[in-house]
Structure formats: C-alpha cells, structure tokens
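All of these numbers come straight from a predicted model, not from anything done at the bench.
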Amino acid sequence: MNVLVIGNGGREHAIAWKLLQSTRVNKVFCVPGNGGTASLPNCFNLAMSVTDFEGIARFAQVQGCPFVVVGPEMPLAMGITDYLSERGVPVFGPSQAGAQIEASKAWAKTLMVEAGIPTAASATFERHESQAAKDYVQRMGAPIVVKADGLAAGKGVTVAQTIEEAYGAIDEIASGRFQDAGNTLVIEEFLTGQEVSVLALCDGKTVLPLLPAQDHKPIGEGDTGANTGGMGVYAPTPVLSEAGMAQVQKDILDPTLAALQKRGIDYRGILYAGLMVTESGEIKVLEFNCRFGDPETQAVLPLLQTPLDTLLQACIDQTLAEQPPLDWHPGAAVCVVMASGGYPGDYEKGKAITGLTEAQETGALVFHAGTQLKQDQLLTSGGRVLGVTAVADSFPAAIAQSYAAVNKIEFEKAYFRPDIGYRIR
C-alpha cells in the first residue's frame, strides 16, 4: 500500500522511515516533506501545502491510500481530518473538535477540571482583561506561567520568574503579537519537578500509551536559557516506572478519553500528555497535544518493533483493544538535535550540510527536521536542522553513539547541546 504523510519536520521523517519498515508499505508520499524524506528509498515529496486539503484529498483518492497520517497540529486544528473523512479518505489524526485539546489551552483546562484530571491551578482571561490578569498574578505571586490560548508555534508560553516578567508576557499577548492565538490567555500555577512526554495511541474507545520520553526544551546546557521546540530527547525515561505509567493510564489517559466521549468527540490519533512529575511524586498534566511529539517521535519510534502501519490502521478501524501487546526494543534511544546558530531567535538558512554518510556509518539514524535538497545539495532550511538518534543497550552507550555521529556532521554555525541525557548519564 501507499501511505500519505502530512508535514515537513523530523517527526514526519521518522514516521515515513518507520512506515517503510513494514512489508505492507510500498511507498510513502510526504506533503511537502524535506531533504531527508527526499533521500529515503521509496519515499517521495509532493510540492503541496499542508493546508491544500483539496489537493491532498485528490492525491490520496487517486493513489488509493488506505490512510493519511497528519504530523503537525495546524492542519488538524484547521479540520483536515473532517475534510478528508467526508471524501472517503481515512485519517490518522483527530477531528477539528478533538484537536481543540491542543489548539485551545483554555478548552483543554476546562475539560481537565470537569474530568478531575490532575493539573496546575489556573485562571483564564480574555485579551481585553489584561488588568484582571495582572491582578491575578499579583495575588498568586511568581514564578507563574502565562500562556496564549491558541497555537503559537511553541512561542506562546512564558515561565515568568518575577511578577514584572509575567506582566510583560500579558502585555505581549494583549498587544496582538500572537494574533487570534492570543484572544484568550491562561495563567497557571508554576509546577516544579521533571517533565515527561507520554504519547498514546487512541481509537476513540481505547487509549494505549507508548514508551515515556523526556526532552530538553531549553537552548542552553543544564536546561538553561530560552525555550525551544526541543533540543534532544531520550526514551524510555526512568522517571516514570511501570507503576507510574499505570497511574497515568488510570488518572489521566482513561479519564481524558471518557471526557472526550462525553462531549461527543470520536478521537482517533495520538493523545500526547505533557506531564510534570513533581518532587513529591505527584503526576500532573501541563498540556495536551493532538499529534506525535517532535523530537519525542525520533526517540520513541526507533524503539518500536510492532509495525507502525498496523497500529495506525487499528486506530482508524477502532480495533486497538484487539491488538497484541506492543513489542519494544529492550534498550534505550537518545536523539540529539543539531540547530542553526541563533535558534530559537533569528538564524540563517541555506547552509551546506556535510558528513551525513559518515554519521550514519556509526550506526546512528539521522532524521531531517529543517533541510531541503537543491540540485543534489543538502541545505539547512529551519531552526532545528537534524535529529541524530542512536539506539543501544544502555543510555550511556546510546548517548556516546549519538554524539559520535553528531561530531561527523558539519554546517556553518551548527549548534547542539553537549549534555542531552545528563540526568541519566
């Protein structure tokens, strides 16, 4: 069969790569894909936009694709699943109603509170209520978290260490910087502990977690500096034990699915729970996302030995409960992100990338995030450029192998953190 994957990042490269490992998958088409998917055998990029729903539907119908996999949150929030489903094209990814769990932090908070899901205390304000928001901050004190309600490309969240910083974040949202995404803002209690990502498969009736992962969001060594989309990740994180995962299933995943069902939402796709494991051992939800995580996917999928297409099809067919237990590689995976100099601020594009063959000869996997092929030359085209993943029997071995591969790759002003996985070294 031929499968269509929507998106152009490292997540989509990893999904395409994993799908092609299945004996049932002949070809993968990516809209629009990147330099990595263009170089993958039996994978083909299509010069289309992720928002060209009509073109995507037509191509999927002509190719007879059994399903479409949607990577990014934006087309899901815009209703791509509803559009394709109405035209007889099955989709792995929730409907527009389901995607609200990521597209509106206020909506997700209301859902959690109603369902009794453990989460940070919060309050919601409209953009014109900035003074009321500031009064709330004054009462609660700092540190405190200020969030634009909608999708803001990962830039709408401020962890304010002072009341003044929180005021600045409120003013920034009120100024219209995030456009419609900032029409509403959510102010949350600041939680301390370790963040963990749990990506779970969901078919609308059953929710099945994958291995827990832990990523490094800050740009700087020791988890300091500005937040990014993620500078590295490892799985399975030891922060969540088997008992901890059972608690996540019972207290978070199952109640969330029940709350979605109660609202009449048939949720088929990934339910991504961003969690905080507090110092006292409590597990609370920081956020929900409606799709595979990036870069978590680049560490989790290389450990998955069950064919991915089988699981995605089961979600679409609502047969997840009938699947045998997931089969996992017994070791560990570590992914180190190589970024353009200046990221997450301003950075230059179009830098030539060399050393990929030598990197892959170490046994590592190189997933492309922000790359493009121009006249057979691989160039940088984004902030996060590559995700270099190693799978090994232990975390120290995976970390060493990943960095051995990273050190083979060069492009002008390349930047990576030297301490990915420092908590588990």
Side-chain angles (χ1 to χ4, degrees), residues 72-74 77 99-113 118-197 215-231 272-276 278 284-290 293-294 339 342-347 383-384:
E73 63 275 14
M74 185 61 76
Q100 288 179 98
I101 204 160
E102 176 170 1
S104 172
K105 296 175 181 67
W107 189 91
K109 273 289 182 185
T110 301
L111 181 96
M112 285 187 263
V113 170
T119 187
S122 69
T124 299
F125 302 90
E126 297 306 307
R127 178 188 285 173
H128 66 270
E129 297 177 310
S130 58
Q131 187 55 54
K134 290 177 181 179
D135 292 344
Y136 179 79
V137 167
Q138 184 67 46
R139 288 197 304 276
M140 300 303 291
I144 197 162
V145 183
V146 181
K147 299 180 176 181
D149 175 61
L151 299 177
K155 296 179 174 65
V157 177
T158 299
V159 179
Q161 297 299 323
T162 65
I163 287 175
E164 291 71 28
E165 191 180 350
Y167 286 177
I170 292 166
D171 288 339
E172 185 178 45
I173 294 170
S175 74
R177 181 193 164 188
F178 302 111
Q179 300 176 334
D180 288 351
N183 285 345
T184 302
L185 63 146
V186 177
I187 301 178
E188 285 185 350
E189 164 194 14
F190 175 73
L191 299 176
T192 57
Q194 293 202 46
E195 288 189 42
V196 177
S197 301
D215 78 338
H216 295 267
K217 288 191 173 68
I219 189 71
E221 195 170 350
D223 289 328
T224 58
N227 264 354
T228 71
M231 291 302 298
Y272 166 143
L275 308 174
M276 179 68 80
T278 69
K284 294 189 175 185
V285 178
L286 292 173
E287 64 177 0
F288 279 117
N289 293 326
C290 63
D294 190 340
Y343 174 80
D346 295 334
Y347 55 86
R384 291 186 297 168

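Nearest heavy-atom pair, C290 versus E73, reported as atom, atom and distance to 0.1 Å: SG-CB, 4.2 Å. Q194 and M276 make their closest contact through N-SD, 3.5 Å (heavy atoms, listed as atom of the first residue, atom of the second, distance). Among all heavy-atom pairs drawn from E188 and I144, the shortest one is O-CG1, 3.1 Å. P218 and M231 make their closest contact through O-CG, 3.7 Å (heavy atoms, listed as atom of the first residue, atom of the second, distance). Heavy-atom minimum distance, A166 versus A160: N-CB, 3.4 Å. For E221 against T224, the heavy-atom pair with the smallest separation is O-OG1, 2.8 Å.
For residues 145-192, there are no ring-ring contact (aromatic ring centres under 6.0 Å, His included) pairs, not counting sequence neighbours. Residue pairs meeting the ring-ring contact (aromatic ring centres under 6.0 Å, His included) criterion with at least one partner in residues 129-156, sequence neighbours excluded, are F125-Y136.
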Exercise. Would V145 and L191 satisfy side chain to side chain contact (heavy atoms under 4.5 Å, CB included), going step by step from the backbone distance to the final call?
Worked result: CA-CA 9 Å; V145 183; L191 299 176; over 6 Å; no

Exercise. Between V157 and N227, is a side chain to side chain contact (heavy atoms under 4.5 Å, CB included) present by the stated rule, with each step listed?
Worked result: CA-CA 9 Å; V157 177; N227 264 354; 5.7 Å; no

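K105 pairs by the salt bridge (Lys or Arg N to Asp or Glu O under 4.0 Å) definition with nothing, not counting sequence neighbours. The salt bridge (Lys or Arg N to Asp or Glu O under 4.0 Å) test applied to D223 returns R417, R423, not counting sequence neighbours. Residues forming a side-chain contact (heavy atoms from CB on, under 4.5 Å) with D294 (at least two apart in sequence, or on another chain): R11, Q298, R384. Remark: K284 pairs with no residue by the salt bridge (Lys or Arg N to Asp or Glu O under 4.0 Å) rule, at least two apart or across chains. Applying the ring-ring contact (aromatic ring centres under 6.0 Å, His included) test to Y347 and every residue at least two apart in sequence or in another chain returns nothing. A search for side chain to side chain donor-acceptor pair (under 3.5 Å) contacts involving E126 returns T184, not counting sequence neighbours. By the side-chain contact (heavy atoms from CB on, under 4.5 Å) test, T110 is found to be paired with E114, R263, residues two or more places apart in sequence or in another chain being considered. Taking E189 as the reference, nothing meets the side chain to side chain donor-acceptor pair (under 3.5 Å) condition, with sequence neighbours excluded. In terms of the salt bridge (Lys or Arg N to Asp or Glu O under 4.0 Å) criterion, E287 has no residue partners (sequence neighbours excluded). Not counting sequence neighbours, the partners of N183 by the side-chain contact (heavy atoms from CB on, under 4.5 Å) test are R127, D180.
To the nearest 0.5 angstrom, I101 atom CD1 is 9.0 Å from N289 atom CG. Rounding to the nearest 0.5 Å places CD of Q131 at 9.0 Å from CD1 of I170. Taking CD of E195 as the reference point, atom CG of L286 lies at 5.0 Å (rounded to 0.5 Å). Atom CD of Q179 and atom CG of L151 lie 12.5 Å apart (nearest 0.5 Å). Rounded to the nearest 0.5 angstrom, S122 OG and I187 CD1 are separated by 9.5 Å. To the nearest 0.5 Å, atoms CZ (F288) and CD (Q100) are separated by 14.5 Å.
M74 CE: 12 or fewer foreign heavy atoms inside a 6.0 Å radius.
In terms of modelled atom types and a separation under 3.5 Å, the side chain of D149 and the main chain of A106 share a donor-acceptor contact. No donor-acceptor pair closer than 3.5 Å links the side chain of T228 to the backbone N or O of I219.
Looking at heavy atoms from C-beta onward, K134 lies in side-chain contact with D171 at the 4.5 angstrom threshold.
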